[in-house]
Amino acid sequence: MRPVKLASMSEEGKKEQPERAKTVDGLEKKWTQWWSEKKIYEYRGKSRGSTYSIDTPPPTVSGHLHVGHVFSYTHTDIIARYKRMKGFDVFYPMGWDDNGLPTERRVQNYYGVYVDTSLKFDPSFVPPLEGGKAGKDFKPAPCSRENFIKLCEGLSQKDEEQFKNLWVELGLSVDWSRTYHTIGPECRRISQLEFLRNLERGEAYQKAAPVLWDTTFQTAVSQAELESREYPGFYHTLLFRADGGKVAIKTTRPELLPSCVALIANPKDPRYGRLKGKKARTPLFGVEVPILFHEAVEMDKGSGIAMCCTFGDATDVEWWKELSLPLRPILTKAGRICASVPEWIENEAGKEAFEKLEGLTVFSARKEIASLLKGSGEMEGEPVPTSRMANFYEKGSKPIEILPSRQWYIANGSHDEKLRRDLLRCGEELSFHPAFMKRRYDNWVEGLSEDWLISRQRFFGIPFPIWYRVKESGEVDYLSPIRALPADLPVDPSSSAPQGFEEKMRGKPGGFVAEPDVMDTWAASSLTPLLASGWKKDENLFEKAFPMDLRPQGQDIIRTWLFDTVLRTWLEFKELPWKDATLSGWILDPDHKKMSKSKGNVVVPKEPIEEYGADAVRYWAACARLGVDTAYDEGEMKIGRRLANKILNASKFILDLKPDEADFSLVTSPLDLSLLSALFEVEKKAACALEAFDHALALQETEAFFWSFCDDYIELVKDRAYRKDESALNALRLALDALLGLFAPFLPFVTEEAWHWAHPKGLSVHLSSWPLPLEDKAGAEGFENAAFFLSLLRKRKSEGKVSLKTEVKKAKIFGPGAKEARIADQDLKAAVHAKEIEFDPSPLQAGAEIEF
RNA sequence: GGGCGAUUAGCGCAGCGGUAGCGCACUUCCCUGACACGGAAGGGGUCGCAGGUUCGAUUCCUGCAUCGCCCACCA
């Protein structure tokens, strides 16, 4: 990190100017406190029409934030502040996503514990660690599910406090009286309630089917959570016996050979036509399997004939369904070969071979079976290394397996064309910013092949409000679940009994058992618009805040958070959850690599905020448009800091000359009126850009004008201002007030500071109205041309290598624009220190000359 | 293989049918009564490549290349 040398300088500054800050240092603390005391960002709940509501992304609470968060949340805050100044009552809540796997993992490491579901709650349980620093021989301690959840809740609360501090320091104008968290009771209640409604309407259902399974976390996962990665493997050529000869099968998964149910070739493949109706025997195990034909077999892949297992990949599932093949699972949920010989392996040699595989992981079983095959002469050659793409659970480290199991689903249009069309139409109606992001939504909806699998075999999540009857035989009846009553929500079925049952009937014949699973974390997050706006809790609020106006989020979670929210809102209300969705880009490190913990290139946001100030960090974020990947750039923060300081200095200068409120009617000089007209144009452009969520353009317009205001206008009118010319003083003051307003959404701290110098008894600049009250009386051309020629004259002096204050005999201004610039003749004369100035509009080329 | 985005000065980015812009960095000058944590000025680009449309293309179209992301491909 760079050396910090600002502290000592700022102290000096403070000594000289006790009441007016000279630099931006320390403004964060002062104003966040004041904003909080005065409840500046409180949602007042006036009316539906005046409400602007934002579906803030609840950040995952699992450790530390990085500058990527600061980046996108700043974009949203700019819009929130702009809308507030436009007169909207901004509903800007904050949520915390503390539900789900990231929290579980963090708690396991932080406290050194793991869940043992056989344990009962122990109120005196003390975790072995605090802070996650384990010694060499440390062994994690088991605890009950309930103890574990308590630890999760405790730790996420601590993390949330830290997150909040950072958001406050960054100046997010969130209404902190409106927060929610996804494991909180209200979120559990709403998630369970909406699930029951989905179930009632037939949108939620359970079925036993092959599912995507992560063997490390031992849970089912959904299509949206998959990620494909390069994974090394080996091609093994297995020799099946068929039709008196041998059939070679190329596979990367020989360990699944015991679960082989068929060999399948393409019906058009001449090599295998002779095998029609014939059977084959598997190597090692001698199991008889049919030789079948299916179009999906690619003739040029491998040997053109595949073995179909339970289940090697999605194609196996397809064949299993379409060809009505038997189910022969051999993998456990932990990803190991099962511990007893399956009944379909009948011959002794086969049984013996299988026993050698029992309990092995997929990885070890693969090696073992290869050596067995080699021993029996049923493998051709050696395994050939290959690299292929394999599907992983995005948080997992081993490839996904496909295992048959009973799970809960929510319909998402994958098997329902009407629903799919409805959801595509939702995409049409939602405004994406930038617009091209819509294609990602469309692609996802069009490509959906399975309904949304929402059950997870985890602990720290929202339980399903469901129990099952236990038949007299002791068998669990999954077909008719017992639903919780809406009034009882939230419920934890593992600790409370369903209506009509007593707790002692749990697990007994004639009694009940709880659904042990919890919901996918997205099942809760997909309800954030309902949660935040008080659905089924505060109907008065809900009526005003829902549907919401804005959903800001990352582009990587369009297929999850955005789609899931659209889906669930559509199922419940048949309408969109929001009007606009803004998508921020990635933050890259200075070498244009994506920032990630594993690469160790993450920047913790506290450091730049402390070094450059929150306004400067916000400036860096604001310079990047939505959807554009942006490099972390401290240079940009330095510029932001310089701009913020410049705003303080310009304000001080103007306010020393004109401390009281301005009066537009006293602005009479044509140059001053023209300056205000130019500002009028800038305000219109900035507002227009912000309406289109183009904060970067709004900032650029404002900033460019501000520099010209300082360099040109202030220099032009300085002389008059010193002589207390009312027109100049009032124009300066009006422009200052307007500029502070224009900068306020971007640089909330420095603008608030200067605003209070200007309006000592006034309210916050952030509650002032967006500045557009000025009249365009003169057109901007006068000021623009005067500024242009002033700049030319400065250039002549610079070329003459003289100080700008050097007196000159005569200045000449000529060419196009000279006529317009004439409105500033006296001001130009004073600014250039010229005794005489001549205007000549006749030449075709604009220029300026100086006689020294 | 399909889709999306990017390619403009050393770096970071705007722009978009009509003599190339901003900021940083670089060079020169200036402690000028807001600001030296500052200011003024200057040098620097055949706008990825190849075609096409047009009076005119950095801008529109087509193809290609490179980079990034998403989806499909797992026998």
Side-chain angles (χ1 to χ4, degrees), chain A residues 5-6 9-10 12-13 22-25 223 226-228 231 233 235-236 238 249-254 256 263-265 296-298 301-309 312-316 319 386-391 399-400 434 436-440 442-444 446-447 449 555-556 558-559 585-586 588 590 592-594 620 623-625 627-631 633-636 638-639 641-657 696-697 700 703-704 707 710-711 714-715 718 721-722 791-792 794-806 831 833:
Chain A
K5 9 171 200 184
L6 299 160
M9 291 187 226
S10 71
E12 268 169 44
K22 215 174 169 186
T23 75
V24 297
D25 295 318
Q223 192 185 349
L226 289 190
E227 183 174 287
S228 46
Y231 191 70
Y235 275 120
H236 302 68
L238 313 190
I249 301 284
K250 258 181 146 181
T251 178
T252 55
R253 304 217 51 188
L256 292 179
L263 295 186
I264 303 177
V297 178
E298 292 176 39
K301 211 168 211 176
S303 55
I305 181 162
M307 69 170 184
C308 175
C309 303
D313 60 31
T315 325
D316 284 351
W319 290 330
T386 169
S387 186
R388 65 207 175 103
M389 296 306 282
N391 276 331
I400 284 288
F436 69 79
M437 292 289 181
K438 178 180 171 295
R439 288 303 292 269
R440 302 194 183 181
D442 293 343
N443 288 345
W444 177 250
E446 282 159 10
S449 59
Q555 54 180 324
D556 50 329
I558 290 174
R559 64 178 179 166
W586 298 112
L588 311 170
H592 283 219
K593 300 262 160 36
K594 198 178 144 189
W620 158 72
C623 284
R625 290 170 305 152
V628 177
D629 294 348
T630 302
D633 184 0
E634 296 198 357
E636 205 77 13
K638 285 184 197 163
I639 301 164
R641 185 181 167 86
R642 192 181 61 154
L643 172 65
N645 281 333
K646 184 93 175 172
I647 290 172
L648 284 183
N649 279 310
S651 302
K652 192 150 58 91
F653 173 69
I654 293 169
L655 292 169
D656 281 345
L657 293 163
L697 180 60
Q700 195 192 312
E703 193 185 356
W707 284 105
C710 291
D711 296 348
I714 291 183
E715 293 307 321
K718 237 176 197 174
Y722 286 135
S791 162
L792 271 184
R794 270 201 300 255
K795 189 170 168 178
R796 297 287 168 258
K797 282 197 172 177
S798 187
E799 284 162 356
K801 305 219 171 189
V802 296
S803 158
L804 289 176
K805 67 173 182 184
T806 308
H833 302 275

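In what follows, chains are A, B, ... by sequence order, proteins preceding strands, each numbered from 1.
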(request) Go ahead and name the base partner of B/C4; Watson-Crick or wobble counts if both distances stay under 3.5 Å, otherwise write none. (result) B/G68
(message) Mind checking if A/D711 touches a base, just sugar-phosphate, or nothing, with heavy atoms under 4.0 Å?
(response) sugar-phosphate
(request) Examine B/A41: is either OP1 or OP2 under 4.0 Å from a nitrogen or oxygen in the side chain of A/R794? Give yes or no. (result) yes
(message) Are the side chains of A/R440 and A/N443 in contact, using a 4.5 Å heavy-atom criterion?
(response) no
(message) Side chain of A/D629, heavy atoms from C-beta onward: which of B/G68, B/C24, B/C37 has the nearest atom to it?
(response) B/G68
(message) Just the rounded figure in Å: distance from C1' of B/C35 to CG of A/L655.
(response) 14 Å
(message) Starting the side chain at C-beta, find the nucleotide from B/A14, B/C69, B/G23 nearest to A/R440.
(response) B/C69
(request) Report the nucleotide, chosen from B/G42, B/C69, B/C37, that has the shortest atom-to-atom distance to any side-chain atom of A/W586. (result) B/C69
(message) With a 3.5 Å limit on both atom pairs, tell me what B/G56 is paired to, counting Watson-Crick and G-U wobble, or say none.
(response) none
(message) Quick check for you: to the nearest 0.5 Å, what is the distance between A/R794 atom CZ and A/D711 atom CG?
(response) 6.0 Å
(request) Dump the intermediate steps for side chain to side chain contact (heavy atoms under 4.5 Å, CB included) on A/I714 and A/F653, then the final yes or no. (result) CA-CA 10 Å; A/I714 291 183; A/F653 173 69; 3.4 Å; yes
(request) Could you measure between the two C1' atoms, the one in B/G45 and the one in B/G52, and give it in whole Å? (result) 25 Å
(request) Measure from NE2 on A/H833 to P on B/A40 and round the result to the nearest Å. (result) 15 Å
(request) Nearest whole angstrom, please: distance from the P of B/G5 to the CG of A/D442. (result) 13 Å
(message) So A/C710, base contact, sugar-phosphate only, or nothing? Heavy-atom distance under 4.0 Å.
(response) base
(request) Enter the distance from A/L643:CG to A/W707:CH2 here, rounded to the nearest 0.5 Å. (result) 6.0 Å
(message) Just the rounded figure in Å: distance from P of B/U28 to NZ of A/K795.
(response) 19 Å
(request) Using the P atom on both, measure B/G3 against B/U62 and round to a whole Å. (result) 12 Å
(request) Could you check which nucleotide pairs with B/A40 in any of the strands shown, counting Watson-Crick or G-U wobble with both distances under 3.5 Å? (result) B/U28
(request) Nearest whole angstrom, please: distance from the P of B/C24 to the CD of A/Q700. (result) 13 Å
(request) For A/N645, answer base if it contacts any base atom (sugar-phosphate contacts may also be present), sugar-phosphate if it contacts only those atoms, and nothing otherwise; contact means non-hydrogen atoms under 4.0 Å. (result) base
(request) Would you name the heavy atoms of A/I249 and A/S303 that are closest together and state the gap between them? (result) CA-OG, 3.7 Å
(request) Measure from CG on A/L697 to P on B/C13 and round the result to the nearest Å. (result) 17 Å
(message) Run A/D316 and A/R253 through salt bridge (Lys or Arg N to Asp or Glu O under 4.0 Å) and show every step you take.
(response) CA-CA 12 Å; A/D316 284 351; A/R253 304 217 51 188; over 6 Å; no
(message) Going by purine N1 to pyrimidine N3 plus the second Watson-Crick contact, or the G-U wobble pair, all under 3.5 Å, which nucleotide sits opposite B/G33?
(response) none
(message) What is the separation between atom CZ on A/F436 and atom C1' on B/C70, rounded to the nearest whole Å?
(response) 12 Å
(message) Could you tell me how far B/U59 sits from B/G68 if I compare only their C1' atoms? Round to whole Å.
(response) 23 Å
(message) Measuring from the side chain of A/N443 (C-beta onward, heavy atoms only), which nucleotide among B/G3, B/G23, B/C4 has the closest atom?
(response) B/G3
(message) For B/U32 and A/K797 - does any side-chain N or O of the residue sit under 4.0 Å from the phosphate oxygens OP1/OP2?
(response) no
(message) In whole Å, measure the gap between the P atoms of B/A65 and B/U27 for me.
(response) 42 Å
(request) For B/C4 versus B/A9, give the span between their C1' atoms, rounded off to a whole number of Å. (result) 29 Å
(request) Please check the phosphate of B/A41 (OP1 and OP2 only) for any side-chain N or O of A/S791 closer than 4.0 Å. (result) yes
(request) Check every atom of B/A41, B/G15, B/C37 against the side chain of A/S798 and return the nucleotide holding the closest atom. (result) B/A41
(request) Report the base-pairing partner of B/U62 (Watson-Crick or G-U wobble, both distances below 3.5 angstrom), or none. (result) B/A50
(message) Regarding A/K652 and A/D656, does a basic nitrogen lie under 4.0 Å from an acidic carboxylate oxygen?
(response) no
(request) Nearest whole angstrom, please: distance from the P of B/A41 to the CD of A/E715. (result) 11 Å
(request) Determine the contact category for A/S303: base if any of its heavy atoms lies under 4.0 Å from a base atom, sugar-phosphate if only primed atoms, P, OP1 or OP2 are that close, otherwise nothing. (result) nothing
Report, one pair per line, the protein and nucleotides 72-75 of chain B atoms (nitrogen or oxygen only) whose separation is under 3.5 Å.
unit_1: B/C73; atom_1: O3'; unit_2: A/K301; atom_2: NZ; d: 3.2
unit_1: B/C73; atom_1: O2'; unit_2: A/K301; atom_2: NZ; d: 3.4
unit_1: B/C74; atom_1: O5'; unit_2: A/K301; atom_2: NZ; d: 2.9
unit_1: B/C74; atom_1: O2'; unit_2: A/R388; atom_2: NH1; d: 2.2
unit_1: B/C74; atom_1: O2; unit_2: A/R388; atom_2: NH1; d: 3.3
unit_1: B/C74; atom_1: O2; unit_2: A/M389; atom_2: O; d: 3.3
unit_1: B/C74; atom_1: N4; unit_2: A/N391; atom_2: ND2; d: 2.2
unit_1: B/A75; atom_1: OP1; unit_2: A/T252; atom_2: OG1; d: 2.8
unit_1: B/A75; atom_1: OP2; unit_2: A/Y235; atom_2: OH; d: 3.0
unit_1: B/A75; atom_1: O3'; unit_2: A/K250; atom_2: O; d: 2.1
unit_1: B/A75; atom_1: O3'; unit_2: A/T251; atom_2: N; d: 3.0
unit_1: B/A75; atom_1: O2'; unit_2: A/K250; atom_2: O; d: 2.5
unit_1: B/A75; atom_1: N6; unit_2: A/E298; atom_2: N; d: 3.2
unit_1: B/A75; atom_1: N1; unit_2: A/E298; atom_2: N; d: 3.2

(request) Report yes if some heavy atom in the side chain of A/S387 is under 4.5 Å from a heavy atom in the side chain of A/Y231; otherwise report no. (result) no
(message) Strictly below 4.0 Å: does A/K638 bring a side-chain N or O up to OP1 or OP2 of B/C24?
(response) no
(message) On the nucleotide B/G39, are OP1 or OP2 found under 4.0 Å from the side-chain N or O atoms that A/R642 carries?
(response) yes
(message) Say we look at B/C22 and B/A57: how far apart would their C1' atoms be, to the nearest angstrom?
(response) 23 Å
(message) Nearest heavy atom decides the nucleotide; on that basis, is A/G627 or A/C623 closer to the 5' end of RNA chain B?
(response) A/G627
(message) Do A/T252 and A/H236 have side chains that approach each other closer than 4.5 Å (heavy atoms only, starting at C-beta)?
(response) no
(message) What's A/E446 touching, base or sugar-phosphate or nothing? Going by heavy atoms closer than 4.0 Å.
(response) nothing
(request) For B/G21, give its Watson-Crick or G-U wobble partner with both distances under 3.5 Å, or none. (result) B/C13
(message) Suppose you measure atom C1' in B/C60 against the same atom in B/C47; what distance do you get, rounded to whole Å?
(response) 15 Å
(message) Using heavy-atom distances to pick each residue's nearest nucleotide on RNA chain B, tell me which of A/F653 and A/M437 is more 5'.
(response) A/M437
(request) Measure the shortest side-chain to side-chain distance between A/W319 and A/V297 over non-hydrogen atoms and say whether it is less than 4.5 angstrom. (result) yes
